[in-house]
Amino acid sequence: MSFEKKSSVFQEITKDKGVSTQSLSDNSIGSSDSIFERDAKQSHLEKENKNPFKDPKIAEYYRDLYERTNYECRIRFDPDFSWQPKEEKKLVRYLDWKVTFLACFMFVGLQIDRGNLTQAVSDSMLEDLHMSTNQYNNGLTIFYLAFLCAELPSQLVSKRLGSDVWIPIEMCIWSLICISQCELTNATGFYITRCLLGLMEGGFIPDLVLWLSYFYTSAELSIRLSFFWTTLSLTKIIASLLAYGIFHIETKRPGWSWLFLIEGIFTLAIGIASYFLMVPSAVQTKKPWNKKGWFTEREEMIVVNRVLRDDPTKGDMHNRQGLNLGMLYQAIMDWHLWPIYIIGIVAYIPIDTVDSYLTLLLKSMGYTTFHVNLLAMPSYALTIVILLFTTWFSEKTKSIFNVALIQPLWQVPLLGVLRWWKGSFDNKWPTYVIITLIMGTPYIHAMMVSACSRNSQSIKTRTVSASIYNMFVQAGSIIGSNVYRTRDKPYYRTGNTALFALSISMFPILILTKLFYVILNKRRENKWSKMTVEEREEYILTTKDRGSSKLNFRFAH
């Protein structure tokens with residue numbers, strides 16, 4: 001019998017052998033505990049009740065599997081290990097500092113070098129390079145196309161070398177490319193550097209998401225990803241302030257040239273630092289410059305076992321094991337994830353378009369270069385608040401695609417006003433408010449990345465799905481970079497009509513995706529509930545279904 005089939009059998013056995021949460025609660029939670037302590041203990045007991053390793057046969061199977069795959073954390077795997085809720089809570093806070101904060105710190109380097117073009121064009125960059133807005137669009141398209149093409153190859157390299165090795169290499173290379181932009185003299189150089197930046201930055205996000213998944217459970221990952229993208233908006237605020245200061249420097253070198261030079265050097269420093277700060281896994285944190293490592297032995301036990309009990313398949317590959325062509329093909333052909341990919345290509349086109357042209361739009365309304373960079377900041381601050389609330393609310397209500405409907409509900413009326421209001425761009429302050437609110441549209445990216453991870457039953461699918469989803473997002477960015485055209489200036493009526501239509505389309509896309517997963521789960525549950533225990537076992541042992549195609553797998557929605 002294959003390991004995959006044995007695993008499914010063992011998981012079904014586990015469902016019938018769990019201890020009830022209520023009985024555990026009655027025995028372990030005292031009436032003298034505060035409501036917060038009771039909630040924490042109740043949550044911890046529920047997790048213990050769902051421990052897939054309670055059955056000795058299951059535990060032995062996975063122990064053998066982890067040995068065969070050389071899973072790097074296998075030495076800390078202990079099916080009977082237990083810990084206190086306070087210990088876990090304290091350790092998760094420590095992980096947020098050592099892992100999430102580090103990921104956000106590195107993301108600053110990505111966003112600075114990816115987003116500084118918006119500040120550069122608010123200066124005299126287009127005029128100095130003798131470029132039109134159409135040529136600017138061409139540069140954006142080249143960047144996103146290269147970014148898209150690099151997603152999957154970069155993820156495969158990262159899986160083979162390890163995220164802790166590949167990510168610092170990526171960052172150092174693209175920072176040098178960013179620095180070289182300070183010597184741009186024409187559109188050709190602009191196109192070349194955009195292409196090289198896209199190729200090196202393309203796999204960064206899925207690489208980092210995979211690294212985060214080594215330390216967090218699936219439910220925790222969604223919130224941490226919201227912190228991840230919150231950094232994007234914070235970086236935009238800082239970059240706007242930095243650009244405001246740099247553009248006041250009076251030298252022969254133009255302000256946009258100084259911007260690329262200074263921010264490129266800053267990213268290079270982050271890339272070098274990340275080499276010393278990143279670790280391969282929870283049990284591989286000791287370095288020559290940090291001989292004690294991050295955790296004690298007990299803390300390593302907690303980190304490893306809490307992640308494996310949430311998803312035992314996280315140990316079916318080690319962190320230096322690449323994907324072969326067969327694994328890659330199976331992951332790509334998992335059609336159950338395709339609706340999320342469709343969301344990725346459509347959802348962010350309106351905000352990406354407005355974001356790319358934000359400084360140009362503000363300049364066309366009569367604001368100065370210095371004021372443009374300051375006026376962009378409120379929209380970024382608004383994005384932070386709404387992103388964190390939306391992601392938190394999704395986890396609180398345990399609903400992904402229903403909560404995601406907040407995005408088009410917010411965006412559609414605002415784009416409608418921007419398109420059909422006759423005073424648009426003539427009354428600059430009301431228009432500025434509308435554009436700011438559009439930029440503050442609830443960002444559902446973290447929720448969708450989390451949905452990809454949750455609905456990928458194996459680490460190989462999870463590795464590939466993050467890249468494919470991001471490739472679709474970049475494809476949407478390519479479309480968005482060509483919505484506003486030179487002939488449509490200054491009001492971009494045609495472009496805004498397209499953005500309005502795309503926002504409207506998100507209603508049926510999100511609703512149908514929700515129904516897609518609900519119906520799939522319901523059909524599977526109907527079939528599964530009618531089967532006897534013997535029939536279920538026979539199905540698991542003989543079925544050719546793999547991964548999320550199995551009858552006993554349920555999708556998050």
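Throughout, numbering of the chain's residues begins at 1 and tracks the sequence.
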Q | Stepwise side-chain hydrogen bond (donor to acceptor under 3.5 Å, both in side chains) check, S477 with D352 | A | CA-CA 6 Å; S477 297; D352 282 349; 3.0 Å; yes

Pair Q284-S281, side-chain hydrogen bond (donor to acceptor under 3.5 Å, both in side chains): steps then yes or no: CA-CA 5 Å; Q284 297 168 302; S281 70; 2.7 Å; yes

### Query
After noting the C-alpha distance and the side-chain angles of V403 and M447, does the key distance pass the side chain to side chain contact (heavy atoms under 4.5 Å, CB included) rule?
CA-CA 9 Å; V403 173; M447 295 161 55; 4.1 Å; yes

Query raised in the report: Going through the distances and angles, do E183 and F260 end up as a side chain to side chain contact (heavy atoms under 4.5 Å, CB included)?
Result: CA-CA 9 Å; E183 298 295 335; F260 287 135; over 6 Å; no

request  = Given side-chain hydrogen bond (donor to acceptor under 3.5 Å, both in side chains), test W256 with D128 step by step and report yes or no.
outcome  = CA-CA 10 Å; W256 58 266; D128 293 343; 2.8 Å; yes

Kindly indicate, with the supporting measurements, whether the criterion side chain to side chain contact (heavy atoms under 4.5 Å, CB included) is fulfilled by I384 and T230. CA-CA 5 Å; I384 293 172; T230 294; 3.4 Å; yes

For this session: Show your reasoning for whether side-chain hydrogen bond (donor to acceptor under 3.5 Å, both in side chains) applies to T285 and N290.
Result: CA-CA 8 Å; T285 62; N290 183 13; over 6 Å; no

Exercise. List the steps, then state whether side chain to side chain contact (heavy atoms under 4.5 Å, CB included) holds for M448 with Y348.
Key: CA-CA 12 Å; M448 295 304 109; Y348 317 110; 3.7 Å; yes

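Taking the six-membered ring for Trp and the full ring otherwise, the centers of W294 and Y94 sit at least 6.0 Å from each other.
With rounding to the nearest 0.5 Å, the separation of CD in E170 from CG in L110 is 9.0 Å. To the nearest 0.5 Å, atoms CD1 (I478) and CG (N137) are separated by 12.5 Å.
Applying the ring pair (Phe, Tyr, Trp, His ring centres under 6.0 Å) rule to F472 yields the partners Y341; only residues at least two apart in sequence or on another chain are considered. Every ring pair (Phe, Tyr, Trp, His ring centres under 6.0 Å) that F393 has, sequence neighbours left out, goes to F389.
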Let me have the donor-acceptor pairs involving side chains of residues 187-201, under 3.5 Å, with sequence neighbours excluded, atom names and distances please.
unit_1: T193; atom_1: OG1; unit_2: G189; atom_2: O; d: 3.0
unit_1: T193; atom_1: OG1; unit_2: F190; atom_2: O; d: 3.1
unit_1: R194; atom_1: NH2; unit_2: Q181; atom_2: OE1; d: 2.9

Side-chain polar contacts of residues 97-109 - donor-acceptor pairs under 3.5 angstrom, sequence neighbours left out - could you list them?
unit_1: T100; atom_1: OG1; unit_2: Y216; atom_2: OH; d: 2.6

Distance-only criterion, 3.5 Å: show the donor-acceptor pairs between side-chain atoms of residues 437-445 and protein atoms not counting sequence neighbours.
unit_1: T441; atom_1: OG1; unit_2: Q411; atom_2: NE2; d: 3.4
unit_1: T441; atom_1: OG1; unit_2: I438; atom_2: O; d: 2.5
unit_1: H445; atom_1: ND1; unit_2: Y469; atom_2: OH; d: 3.0

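For residues 138-170, the ring pair (Phe, Tyr, Trp, His ring centres under 6.0 Å) pairs, not counting sequence neighbours, are F143-F147.
Under the 3.5 Å distance criterion, with hydrogens and angles disregarded, no donor-acceptor pair is assigned to the side chains of E127 and S124.
For T267 (side chain) and E263 (main-chain N/O), a donor-acceptor pair under 3.5 Å exists by modelled atom type.
Of the residues listed (T494, N496, T497), the one engaging R419 in a side chain to side chain donor-acceptor pair (under 3.5 Å) is T497, and it is the only one.
Side-chain atoms of Q474 and L145, non-hydrogen and from C-beta on, never get closer than 4.5 Å to each other.
Within a 6.0 Å sphere centred on CH2 of W410, other residues, nucleotides and ligands contribute more than 12 heavy atoms. Applying the 6.0 Å contact sphere to NZ of K287 captures more than 12 heavy atoms from other residues, nucleotides or ligands.
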